[in-house]
2 protein chains.
Amino acid sequence: MKATIYDVAREAGVSIAAVSQVINGKGKISEERRNEIFLVMERLNYRPSVIAAALTGKKTYTLGLLVPDISNPFFAEIAHAVEDQGHKLGYSIVICSTHNEDERIERYLTLLQQKSVDGMIIGTGMDNLELLSPLVDKSIPIVSIAREMASPYVQTVHVGDFEGGKLAAQHLLELGHTRIAVLAEHLKVSSSRERIRGFREALAGAGLELPDASVKSGGYDLLRDGKRQTMELLQQEGRPSALFCCNDLLAIGALQAAKALGLRVPEDVSIVGFDDTILASVTDPPLTTIAQPIEAMGKLAVDLVIAQLANKADAKPEQVLKPELVVRKSTGAVSK
Amino acid sequence: MKATIYDVAREAGVSIAAVSQVINGKGKISEERRNEIFLVMERLNYRPSVIAAALTGKKTYTLGLLVPDISNPFFAEIAHAVEDQGHKLGYSIVICSTHNEDERIERYLTLLQQKSVDGMIIGTGMDNLELLSPLVDKSIPIVSIAREMASPYVQTVHVGDFEGGKLAAQHLLELGHTRIAVLAEHLKVSSSRERIRGFREALAGAGLELPDASVKSGGYDLLRDGKRQTMELLQQEGRPSALFCCNDLLAIGALQAAKALGLRVPEDVSIVGFDDTILASVTDPPLTTIAQPIEAMGKLAVDLVIAQLANKADAKPEQVLKPELVVRKSTGAVSK
DNA sequence: TTGAAAGCGCTACCAA
DNA sequence: TTGGTAGCGCTTTCAA
């Protein structure tokens with residue numbers, strides 16, 4: 001069986017308290033004893049049980065990351081960034097993918113908390129903020145990433161979605177588009193709503209209206225939904241000459257639909273995405289998209305939790321980063 | 001503070017043992033008492049501490065998944081598949097991304113074990129199998145996915161890499177290519193080596209040789225390495241007319257390099273990838289690639305750990321799935 | 001059927 | 001400096 005602190009103490013002829021002190025580098029122990037104990041630990045190949053330690057309320061140096069779907073490159077890239085910064089700061093990151101299901105969100109939230117993470121980063125939308133209260137009670141810091149979260153207890157880092165939507169609209173407007181439709185994921189996703197709001201406002205500024213009928217929203221199978229919706233959109237009378245997709249995956253679905261219909265992008269229809277994941281740079285044609293500073297967001301999120309952990313939390317509850325228009329080949333001037 | 005089993009017992013006027021039995025649905029308790037206790041638990045919003053339970057050696061119904069890089073769509077898709085099947089079977093999945101660094105592999109391995117996962121799925125290559133022995137000692141089931149692992153203690157599920165390599169070669173051969181180069185990731189990755197071996201063997205069958213100089217291997221920044229290596233390859237005298245890339249990310253790097261050099265794919269150079277991630281279907285041109293059955297692999301891996309957990313482990317230590325050639329637009333006949 | 005009590009492995013406080 | 005010891009919250013005998 002595995003060696004415990006008792007084994008080490010016995011072998012070294014000291015009390016478990018002494019061993020515990022050595023493990024944690026606390027208290028006062030003579031060099032000599034300390035080395036002796038180290039040796040025994042080594043010899044017994046002793047590994048302190050984090051579980052037992054957690055039970056007594058010790059820090060675990062792990063952060064939990066909750067994402068809606070790890071197979072969406074956007075979140076995979078977020079996860080990568082979070083892991084990176086976490087690691088730099090000495091934290092391990094545990095990732096859970098909720099498949100956008102409420103039940104799994106709840107389950108993983110509980111799980112992570114039970115696994116006693118020191119802090120939590122949430123990239124999943126949450127309807128029921130009540131779920132967070134156990135965390136709040138235990139004063140486990142929470143920051144939400146890429147999603148706003150209307151709770152006084154959670155700091156949030158996200159891109160300016162509203163502004164991003166405007167950017168997209170302006171770009172399309174400059175190219176002369178007037179018949180424009182929008183593809184969104186489920187409308188309960190706040191970032192989508194904001195992006196659309198920004199988009200709509202920019203259009204309005206140019207005297208254009210975006211009727212609700214031109215906004216297609218779907219579920220969470222982004223690729224498929226994007227394709228299906230685009231099929232509908234592009235086959236109708238007076239089809240739009242431009243599509244704004246609330247994320248890259250939707251945009252790719254749109255791209256596939258256009259291709260399937262024998263339409264050329266951007267000659268027949270312009271498409272702009274959102275996120276600027278690796279996907280955007282490799283598609284055919286490469287996707288014009290609104291870039292989110294994924295690296296920066298991941299880093300910032302980690303910094304925030306850890307700052308809260310150290311009680312030097314910035315008062316700033318919200319960190320809004322700048323979106324950026326990246327023009328590639330999927331958008332062009334309207335051909336009349 | 002949070003309610004403990006003691007609070008519940010006190011409130012319900014019973015012993016903690018009784019409460020414990022209710023929680024676990026074990027032992028004999030009268031309907032009456034049981035309901036009473038349930039009510040109290042509800043009222044106190046009591047949640048059993050998994051940590052404490054884990055300390056006493058109870059199952060946690062969580063599986064750990066270790067991947068080298070979650071931002072590689074292949075592993076993100078694997079993670080998705082694993083999560084899905086795990087969830088179906090009542091298990092939560094905790095994902096850790098090691099960035100291909102030995103130190104992180106070790107750290108996360110320890111971490112997951114300390115967080116007391118019931119089983120482990122490993123998608124990361126491991127040099128030092130010794131690291132697994134603590135798990136083995138505790139008889140925590142381990143299965144490796146998408147990677148072979150030469151340990152008697154781990155079952156493994158992966159695609160036939162050798163066969164996949166052959167498939168790629170045959171395809172290229174049929175198209176008439178003779179000047180062929182190979183791009184691999186770090187050669188310590190066993191799957192890459194196998195793919196190359198298969199590829200080489202198929203070439204040999206056609207009387208063609210693949211000199212070591214034509215095999216470029218790099219580090220773990222797949223996209224960048226693929227691009228850089230392809231740049232070199234395509235700028236040299238008598239450049240290859242076809243490239244076999246050991247994974248899609250490398251292939252995309254190659255695609256970008258070709259584009260940067262003003263070469264057309266597949267007219268000037270054919271490219272075949274490996275994995276068939278979402279990336280392969282969206283690139284310009286879409287990538288001919290060797291498909292791995294990602295869903296099936298994920299599902300199988302989960303099934304295997306859980307079977308081991310239930311002690312109905314199949315004796316079969318290795319599950320090899322069939323790779324499949326998916327022909328898209330990045331390969332074509334040699335133009336002479 | 002029920003409950004008392006002995007751990008699980010570790011931390012932290014207090015006395016020595 | 002050291003060691004004794006009381007928890008942390010739960011599971012699991014073993015008696016009652």
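Chain naming here is simple, since letters A, B, ... match the order of the sequence lines and numbering starts at 1 in each.
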Engineer: How many whole angstroms separate atom CD of B:E36 from atom P of C:dG3?
Structural biologist: 11 Å
Engineer: Walk along nucleotides 10-16 of chain C from 5' to 3' and tag each nucleotide B, S or - by protein heavy-atom contact under 4.0 Å, base first, then sugar-phosphate.
Structural biologist: BBB----
Engineer: Whether B:D84 and A:R104 form a salt bridge (side-chain N of Lys/Arg under 4.0 Å from carboxylate O of Asp/Glu) is what I want to check.
Structural biologist: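 The answer is yes: the pair qualifies as a salt bridge.
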Engineer: Do you know the tightest heavy-atom contact between A:L309 and A:D118?
Structural biologist: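 Smallest interatomic distance, heavy atoms only, reads CD1-O, 3.4 Å.
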Engineer: A:R33 side chain N/O closer than 4.0 Å to the phosphate oxygens (OP1, OP2) of D:dT2?
Structural biologist: yes
Engineer: Atom CE of B:M126 and atom CZ of B:R147: how far apart are they, to the nearest 0.5 Å?
Structural biologist: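 Interatomic distance, B:M126 CE to B:R147 CZ, rounded to 0.5 Å: 12.0 Å.
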Engineer: Hey, what's the ring geometry for B:Y91 with B:Y61, parallel, tilted or perpendicular (30° and 60° as the breaks)?
Structural biologist: tilted
Engineer: Considering only NZ, NE, NH1 and NH2 on the basic side and carboxylate oxygens on the acidic side, decide whether B:K299 and B:E295 come within less than 4.0 Å.
Structural biologist: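 Looking at B:K299 and B:E295, the cut-off is not met.
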Engineer: To the nearest Å, how far apart are B:L44 CG and D:dG9 P?
Structural biologist: 13 Å
Engineer: Write down the distance between CD1 (B:I29) and P (C:dT2), rounded to a whole number of angstrom.
Structural biologist: 6 Å
Engineer: Scan side-chain atoms only and decide if A:E83 and B:Y108 contain a donor-acceptor pair under the 3.5 Å cut-off.
Structural biologist: yes
Engineer: Hey, does A:L55 reach any base, or is it just sugar-phosphate, or nothing, if we go heavy atoms under 4.0 Å?
Structural biologist: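 Contact class for A:L55: base.
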